[in-house]
Amino acid sequence: QKELEECKNHERQILRAKGLQPSHFKVSECPLTETDFIHYVQIKKTKQTPDNILLMAHGYMGSNIGFFKFYQALQNDFHIFSIDLPGQGLSSSTEETPKSADAWVDYFTSNVKRFVDKMGIKRFSICGHSMGAFVLTHFASRFPEMINEVYLLSPGGVNFENPEFEEKKKNLVKGINCMKRGVMQSMANSIFKDKKAPLSLWYLTLFRGSFAKMIYGGKRLGLDKEEQKFFIPLYQSIYKSKPSSDKCLGYIFKEGPMSDRPLMKVFEKLHDKKRIVIYYGRRDWM
């Protein structure tokens, strides 16, 4: 509980640093059962109406605070609920996790449904990044009557497996030095064939804290020193807690852009009834 409160304080400091007024946001948990809960940030500068609610979900191994640069830009147009997906971020984890792609999709979508029901949210738009986009799009296909519009940021699992991508991947890997190529292939096999969580691999287990520092202190995300001061300890805490749904990656994805439960099939059902907008980031791996 103490560690959770410290992490929540880091989130509040990040939001304040981006210019959000404390009266305009809430950092809290929504209890789903006696033991399970969804952690979320609510951006409430704009009064909540059935037409302006936006539900946001982050990418794999991330959390709601990854959207921190979005909130100020969106707060005048949307009343936002930004969640940590079950078993990730600061949401509760479970010891028993699904063992199939369909079961994982059910796990995520059913818990999102429990969250919106508990919060009394009847209708809303969705915005998801990477795996969060995958989860929320499948949610939209199951509960289309609840969805206004769909915004996807570099969605994962868009297509079925395809030979063209496999060939491009092979050519890309050929340009990497032998040792790095071996490590990458070993990690890919562990995740996508053996269905293991990346941070459970023996050569990463001992370096969870350093892994967070490498990601959030590196140049790729472009965080300034003030942002790093809060992001690094937050994610060091998250990664050390062994989030349970890290295990989902090998079940629902085929190395990122591909999946046995592809979004393209969902788009075919949704696009006549819903406005779907897809963005790809210049600095995003997808």
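Worth saying up front: this structure is predicted, and the values here are computed from it rather than measured.
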Rounded at 0.5 Å granularity, tell me how far [atom1] in [X] sits from [atom2] in [Y].
X	Y	atom1	atom2	result
I215	S210	CD1	OG	11.0 Å
H10	I232	NE2	CD1	11.0 Å
C248	K195	SG	NZ	11.0 Å
I43	L15	CD1	CG	5.5 Å
I278	T137	CD1	OG1	7.5 Å
D117	R114	CG	CZ	10.0 Å

Over 12 non-hydrogen atoms of neighbours within 6.0 angstrom of [atom1] in [X]:
X	atom1	answer
F143	CZ	yes
K196	NZ	no
K213	NZ	no

[X] and [Y]: aromatic ring centres closer than 6.0 Å?
X	Y	answer
Y239	F211	yes
F253	Y60	no
F124	F81	no

Pairwise side-chain contact, [X] with [Y], heavy-atom cut-off 4.5 Å (strictly under):
X	Y	answer
D106	R142	yes
Q88	M131	yes
L55	F115	yes
S237	E6	no
F25	R12	yes
R261	F134	yes
L199	K242	no
K26	Y40	yes

What I want to find out is whether E5 reaches K8 closely enough, with some N-O distance under 4.0 Å, to be called a salt bridge.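 A salt bridge is present here (some side-chain N lies under 4.0 Å from a carboxylate O).
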Determine yes or no for a side-chain-to-main-chain donor-acceptor pair under 3.5 angstrom, with [X] supplying the side chain and [Y] the backbone.
X	Y	value
K240	I238	no
H129	G66	no
D246	P198	no
H58	N64	no
S63	D84	no
D36	T33	no
H271	F267	yes
S125	N148	no
H39	I83	no
S110	Y107	yes

Candidate pair F192 and K254, rule side chain to side chain contact (heavy atoms under 4.5 Å, CB included), full reasoning: CA-CA 7 Å; F192 296 104; K254 294 291 185 66; 5.7 Å; no
Evaluate the criterion side chain to side chain contact (heavy atoms under 4.5 Å, CB included) for residue pair E29 and L4; output intermediate values, then yes/no. CA-CA 10 Å; E29 287 74 47; L4 176 61; 4.1 Å; yes
Taking all non-hydrogen atoms of both residues into account, name the closest pair between [X] and [Y] and its distance.
X	Y	answer
I147	R123	O-NH2, 3.2 Å
E227	K18	OE2-NZ, 3.5 Å
P86	F108	O-CE2, 3.7 Å
L270	P144	CD2-CB, 4.5 Å
G87	P243	O-CB, 2.8 Å
L234	C7	CD1-CB, 3.6 Å

Classify the ring geometry of Y151 against F78: parallel below 30°, tilted from 30° to 60°, perpendicular beyond 60°.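 Ring orientation of Y151 relative to F78: perpendicular.
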Over 60° means perpendicular and under 30° means parallel, so tell me whether F70 and F67 are parallel, tilted or perpendicular.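 Rings of F70 and F67: perpendicular, as their planes differ by over 60°.
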What's the verdict on side chain to side chain contact (heavy atoms under 4.5 Å, CB included) for Q42 and H79, showing C-alpha distance, side-chain angles and the deciding distance? CA-CA 8 Å; Q42 181 180 1; H79 189 103; 2.8 Å; yes
Under 3.5 Å, is there a donor-acceptor pair linking the side chains of S82 and Y71?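 Side chains of S82 and Y71: pair found under 3.5 Å.
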F230, Y235, F68 screened by ring-ring contact (aromatic ring centres under 6.0 Å, His included) with Y216, the one that passes: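 It is Y235, the one option of F230, Y235, F68 that forms the ring-ring contact (aromatic ring centres under 6.0 Å, His included) with Y216.
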Run L32 and C30 through side chain to side chain contact (heavy atoms under 4.5 Å, CB included) and show every step you take. CA-CA 6 Å; L32 304 181; C30 172; 4.3 Å; yes
If hydrophobic clusters are built by linking Ile, Leu, Val, Met, Phe, Trp and Tyr wherever their side-chain heavy atoms come under 4.5 Å apart, do [X] and [Y] end up in the same one?
X	Y	value
F37	L85	no
M119	L90	yes
W104	F160	no

Step by step, work out the side-chain hydrogen bond (donor to acceptor under 3.5 Å, both in side chains) result for N9 and Q13. CA-CA 6 Å; N9 281 331; Q13 289 167 318; over 6 Å; no
